[in-house]
Amino acid sequence: MKQPTAMPAAVQRLMTEEVPADSRQARQLSRRQMIAETVMTEGAMRIEDLTDRFGISLMTVHRDLDELVGRGLLRKTRGVVSAAATSLIESSDVYRSSRQEAEKRAIALAAMAYVEPGQAIFFDDSTTVLAMAPHLQDKAPLTVITNSLTLMTQLRGLPELSLLGLGGQYHAWANAFMGRMTTAEIARLRADTLFLSMAAVTDDIVFHQSPEMVETKRAMFDSAARRILLIDHTKFERRALHGFAPLLEFDRVIVDDGIDPEHLERLRGKGIAVDVAPVAAAMAAR
């Protein structure tokens, strides 16, 4: 049985609209919050099962889910609603931000060793890279270039951080901009370093479920002098459809110390530069 996790703030914000406490809207908001919490706890569910769970019609379930999908909290396809990633669909940034939090903090802290004042740096929209945000002010001045609306929001107004936001088509599930307009903007830039993460590692090649995401990250990859991959150990047990690049093409791969020793030995045996971030030490340093 899956253990429930603390729900992200984005789910709680479902209840912040100004409506009378005893109104139909209030009951609707409460139900949608419970649906979001249920799906995030389970990872994925059949849509028909939600009708039994909440005692509502299939039409009502679809209306509720369409609202939650529009907020970027869940994803819906072929009779299934999902928060967790599959090989074809990436999970929302809200769901991803609540997973492997300790590992992401450790990896982000280790990644800061490769940030130097005065650099121009690409940061992708991944939640692993987002964990670097609290540390960036310590390395100012920096020029931060990102397609992540979440990162833009966190860094706006901070002194000595020059923020370049990449526009394009907005994708709610990632809270980020992707597509042809985004890649065209990236192609006109040259950065010192790129920090990015991906959804899966298979046969020592990184993969992602979204072709638009792959194209956007590839544009950053091609426009950066140094490329650093941040990836937690669970990604080595996942699969995704679209290949991005072999690990050998990265200048550095940073993983947490939960990685299987066999994976680590194989990567280093191939000449892949790997840093291992200790989770316990990072948590103690908070």
Side-chain angles (χ1 to χ4, degrees), residues 85 87 90-91 96-97 99-116 119-136 138-139 142 146 148 151 191-209 213-214 216-286:
S87 63
E90 174 64 300
S91 54
R96 284 181 281 125
S97 67
R99 288 333 197 230
Q100 283 75 52
E101 292 180 87
E103 289 86 347
K104 290 172 182 176
R105 288 194 193 101
I107 292 168
L109 192 60
M112 290 305 300
Y114 298 97
V115 177
E116 297 294 337
Q119 288 183 327
I121 303 176
F122 282 122
F123 294 90
D124 77 353
D125 58 273
S126 65
T127 56
T128 306
V129 169
L130 181 63
M132 297 176 67
H135 308 290
L136 293 177
D138 297 336
K139 294 294 185 82
L142 292 171
T146 185
S148 167
L151 185 58
D192 297 293
T193 306
L194 161 66
F195 292 97
L196 81 159
S197 187
M198 295 293 279
V201 179
T202 304
D203 300 326
D204 300 334
I205 300 170
V206 288
F207 286 79
H208 202 278
Q209 298 93 333
M213 185 73 82
V214 168
T216 303
K217 291 176 190 270
R218 169 55 67 176
M220 292 182 179
F221 191 93
D222 292 340
S223 294
R226 181 171 60 174
R227 300 88 170 235
I228 299 177
L229 177 69
L230 313 185
I231 197 142
D232 73 74
H233 71 277
T234 66
K235 305 296 179 64
F236 288 86
E237 312 304 327
R238 299 179 186 173
R239 302 186 71 84
L241 182 61
H242 301 282
F244 179 78
L247 293 177
L248 269 170
E249 291 190 11
F250 291 89
D251 297 284
R252 182 72 48 177
V253 176
I254 305 177
V255 300
D256 64 273
D257 56 8
I259 187 172
D260 188 316
E262 290 185 4
H263 287 318
L264 185 59
E265 182 179 0
R266 183 186 68 256
L267 298 182
R268 287 178 169 165
K270 288 184 174 182
I272 298 168
V274 183
D275 290 354
V276 178
V279 174
M283 296 303 289
R286 290 180 66 190

Taking all atoms of both residues into account, what is the closest heavy-atom pair of [X] and [Y], and its distance?
{"X": "Leu196", "Y": "Ser126", "answer": "C-OG, 4.5 Å"}
{"X": "Phe207", "Y": "Met198", "answer": "O-CB, 3.7 Å"}
{"X": "Met112", "Y": "His135", "answer": "CE-O, 3.5 Å"}
{"X": "Ile231", "Y": "Ser197", "answer": "CA-OG, 4.2 Å"}
{"X": "Ala131", "Y": "Lys104", "answer": "CB-O, 3.8 Å"}
{"X": "Arg238", "Y": "Ala199", "answer": "CD-O, 3.8 Å"}

What distance separates [X] [atom1] from [Y] [atom2], expressed to the nearest 0.5 Å?
{"X": "Glu249", "Y": "Ile272", "atom1": "CD", "atom2": "CD1", "value": "10.5 Å"}
{"X": "Thr193", "Y": "Met220", "atom1": "OG1", "atom2": "CE", "value": "13.5 Å"}
{"X": "Thr127", "Y": "Leu151", "atom1": "OG1", "atom2": "CG", "value": "12.0 Å"}
{"X": "Ile259", "Y": "Phe236", "atom1": "CD1", "atom2": "CZ", "value": "4.0 Å"}
{"X": "Arg218", "Y": "Thr216", "atom1": "CZ", "atom2": "OG1", "value": "12.0 Å"}
{"X": "Glu265", "Y": "His263", "atom1": "CD", "atom2": "NE2", "value": "12.0 Å"}

Mark yes or no for whether [X], through its side chain, and [Y], through its backbone, hold a donor-acceptor pair below 3.5 Å.
{"X": "Asp251", "Y": "Arg227", "result": "yes"}
{"X": "Asp192", "Y": "Ala120", "result": "yes"}
{"X": "Arg252", "Y": "Asp275", "result": "no"}
{"X": "Asp203", "Y": "Ile205", "result": "no"}
{"X": "Asp256", "Y": "His233", "result": "yes"}

Within a radius of less than 6.0 Å around CG of Asp138, do more than 12 heavy atoms belonging to other residues, nucleotides or ligands occur? yes

Walk me through whether Val255 and Ile107 qualify under side chain to side chain contact (heavy atoms under 4.5 Å, CB included). CA-CA 6 Å; Val255 300; Ile107 292 168; 5.5 Å; no

Run the side chain to side chain contact (heavy atoms under 4.5 Å, CB included) test on Leu230 and Met132 for me, step by step, so that the C-alpha distance in whole Å, both residues' side-chain angles and the decisive distance to 0.1 Å come before the verdict. CA-CA 11 Å; Leu230 313 185; Met132 297 176 67; 3.8 Å; yes

Do Leu229 and Phe244 have side chains that approach each other closer than 4.5 Å (heavy atoms only, starting at C-beta)? no

Would a 4.5 Å heavy-atom cut-off, applied to side chains only, mark Thr146 and Asp125 as touching? no

Check whether the ring centres of Phe250 and Phe221 lie less than 6.0 Å apart, and answer yes or no. yes

Run Ile121 and Leu142 through side chain to side chain contact (heavy atoms under 4.5 Å, CB included) and show every step you take. CA-CA 8 Å; Ile121 303 176; Leu142 292 171; 4.1 Å; yes

Answer yes or no: is there an ion pair linking Asp124 with Lys217, defined by an N-O contact shorter than 4.0 Å? yes

